Amino acid sequence: MATVIDGPGGGGTLSELYQSAKRVLLRARDGIERLERLESSTAGGGLDSPELSNSIKRDISQIQSLCIEMDRLWRSIAAKSQRDLWKRKVEQVAEEAESLREGLDRYFSRNQKRMMEAKERAELLGRANGENDHVLRIFDDEAQAMQSARNSSRMLEESLQTGIAILSKYSEQRERLKKVQRKALDVLNTVGLSNSVLKLIERRHRVDVWIKYAGMIVTVIILFAFWRWTR
């Protein structure tokens, strides 16, 4: 069964990693729903919950890391039926995590758009007092922070995809090495059999030579005896 395959460094079994990923998925999905409710209730205010959005982003990153580990483990399952089953499960978790990441990116985009619109409204008012300048600086800082968060999320996703591709290549190389090893063993077995046949032929050749020489000697003795008898 695939559920008893241990991960490296005490990472847990495939089933344990899958259950952990499902729990984090539920938590991240609940966080997205809370963000959307907050967005709906403060649609005109441009409010945000950085702690909640950052927590969701960390959960999504954890899920994607678990998917990389599970992707490595299911490939080691011997039974094809179990391997295919776990492949589908891991792909489903990865797709759900990707959907959550896209939802979070859309939220960041909408929130940044609200901030920019609020900034433009404040600029159109043309207030020159220090309070308005302070508000504009806050909007600028928030917009930059949101853009930085989106860029970080995108870079993390690219790194995770690269890691998955590298693990897949390692798995393919391992399978090719196994095939080469089996072929090498077959060749060695064939060479060993050929050596045995050659040794048998050599022994038979030596026996034939001795038989030939023995026959020649016996023939000479018989001829010599016949010659002496006829004299």
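Only a predicted model underlies this, so the values are computations on that prediction, with no experimental measurement involved. For the numbers below, each heavy atom of this structure counts, side chains included, while hydrogens, waters and symmetry mates do not.
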Keeping to residues at least two apart or across chains, list the ring pair (Phe, Tyr, Trp, His ring centres under 6.0 Å) pairs with something in residues 12-31. Y18-W86

Which heavy-atom pair separates [X] from [Y] by the least distance, and what is that distance?
X	Y	value
L25	E96	CD1-OE1, 3.0 Å
V90	D71	CG1-N, 4.2 Å
I56	G31	CD1-C, 3.2 Å
V93	C67	CG1-SG, 3.6 Å

Got a sec, which hydrophobics cluster with V218, joining ILVMFWY side chains under 4.5 Å apart, including via others? I222

Hydrophobic clusters join Ile, Leu, Val, Met, Phe, Trp and Tyr when side-chain heavy atoms are under 4.5 Å apart, directly or via other members; which others share one with I221? I217

Do [X] and [Y] have side chains that approach each other closer than 4.5 Å (heavy atoms only, starting at C-beta)?
X	Y	value
Y107	N111	yes
D105	E102	no
R23	R27	no

Can a salt bridge be assigned to the pair D84 and R88 using a cut-off of 4.0 Å between side-chain N and carboxylate O? no

For residues 211-225, which residue pairs qualify under salt bridge (charged side-chain N to carboxylate O under 4.0 Å, His left out), counting only residues two or more places apart or in two chains? none

Could you check F226 against T230 for side-chain contact (heavy atoms from CB on, under 4.5 Å), going step by step and ending with a plain yes or no? CA-CA 6 Å; F226 180 75; T230 55; 3.7 Å; yes

How many angstroms lie between [atom1] in [X] and [atom2] in [Y], if you round to the nearest 0.5 Å?
X	Y	atom1	atom2	value
S65	I60	OG	CD1	12.0 Å
E33	D30	CD	CG	6.0 Å
Q19	L14	CD	CG	10.5 Å
K80	L85	NZ	CG	11.5 Å
R72	L17	CZ	CG	9.5 Å

Examine distances only and state if a side-chain atom of R83 and a backbone atom of W74 form a donor-acceptor pair shorter than 3.5 Å. no

Check whether S99 reaches the backbone of E95 with its side chain - one donor and one acceptor, N or O, closer than 3.5 Å. no

Which word best sums up how the rings of F224 and W227 line up, parallel for under 30°, tilted for 30 to 60°, or perpendicular for over 60°? tilted

Who passes side chain to side chain contact (heavy atoms under 4.5 Å, CB included) against S55, sequence neighbours left out? R58, D59

According to side chain to side chain contact (heavy atoms under 4.5 Å, CB included), who are the partners of E91, at least two apart in sequence or on a separate chain? K87

Working for side-chain contact (heavy atoms from CB on, under 4.5 Å), residues L73 and M70: CA-CA 5 Å; L73 290 177; M70 290 189 295; 5.5 Å; no

Under the side-chain contact (heavy atoms from CB on, under 4.5 Å) criterion, do R101 and K57 qualify, and how do the steps go? CA-CA 7 Å; R101 186 191 65 80; K57 184 169 66 175; over 6 Å; no

R106/S109 under side-chain hydrogen bond (donor to acceptor under 3.5 Å, both in side chains): CA gap, chis, key distance, verdict: CA-CA 5 Å; R106 288 193 295 269; S109 179; over 6 Å; no

Heavy atoms of other groups near R110 CZ, more than 12 under 6.0 Å: yes

Hydrophobic cluster membership, I63 vs L52, 4.5 Å side-chain cutoff: yes

